[in-house]
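See below for the structure under consideration.
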Amino acid sequence: MGYFDDVYEVVKKIPEGKVATYGQIARITGRPRSARVVGWALHVNPYPGTIPCHRVVNRKGELSGSFAFGGMESQRYLLEKERIKFSKEGKIDLKKYLWCPKAEE
DNA sequence: TAGATGACTAATA
DNA sequence: CTATTAGCCATCT
């Protein structure tokens, strides 16, 4: 399905202990303005065992509000399990945990 | 088929 | 800082 596959390819590459934003994935996939499509791709999430949706957050580093895994609790749990900590407001410190694909590749 | 919706972001005022 | 507009593409009605 076109663009969705690109999104999945990128999201699958997110290493443990790191998070990525929709906009970031959108740029990597070559569509800097398709952040919505990224969100939709994760929303349908056809490969829940392959797509680490919990590592994808919005630009502010917070959870997206409508999680498709079993609630944001699961997302928070999974992230904390990967050494990612949340601030009081339930946000992630992007300064430390934001994935740097350029450095990875 | 056409119009509206959605886990978003960036630019502009 | 907030509010509004536009852009993207798959899916639903």
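Sequence lines set the chain letters: A, B, ... in the order given, protein chains first and strands last, and positions in each chain run from 1.
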Atom pair distance, as rounded to whole Å: CG in L79(A) and C1' in dA7(B): 14 Å

5'-most by nearest nucleotide on DNA chain B - W40(A) or V57(A): W40(A)

Selected nucleotide, minimal atom distance to N45(A) side chain, candidates dA7(B), dC8(C), dT11(C): dA7(B)

Value in whole Å for how far the P atom of dC9(C) lies from CE of M1(A): 14 Å

Length of the line joining Y22(A):OH and dG6(B):C1', which is rounded to integer Å: 11 Å

Interatomic distance, Y3(A) OH vs dC9(C) P [rounded to whole Å]: 8 Å

Short side-chain N/O contact from R36(A) to OP1 or OP2 of dA7(B), under 4.0 Å: no

P atoms of dT5(C) and dA4(B), separation to the nearest Å: 15 Å

5'-most by nearest nucleotide on DNA chain C - A35(A) or V44(A): A35(A)

L42(A) CG to dC8(C) C1', straight-line distance once rounded to whole Å: 15 Å

Nearest-angstrom distance from the residue atom CG of L94(A) to P of dT9(B): 10 Å

Heavy-atom pair of closest approach, residues V7(A) and T29(A): N-CG2, 4.0 Å

Donor on one side chain, acceptor on other, Y22(A) and S64(A), under 3.5 Å: yes

Spacing between R27(A) atom CZ and dC9(C) atom C1', to the nearest angstrom: 18 Å

Value in whole Å for how far the C1' atom of dG7(C) lies from CZ of R31(A): 13 Å

Earlier contact from the 5' end, DNA chain C, for R33(A) and G2(A): R33(A)

Any side-chain heavy-atom pair of V37(A) and F4(A) under 4.5 Å: yes

T21(A), nearest nucleotide to its side chain (from dT9(B), dA10(C), dA7(B)): dT9(B)

Distance-only side-chain donor-acceptor flag, S34(A) / Y3(A), under 3.5 Å: no

Salt-bridge present (K81(A), E16(A); N to O < 4.0 Å): no

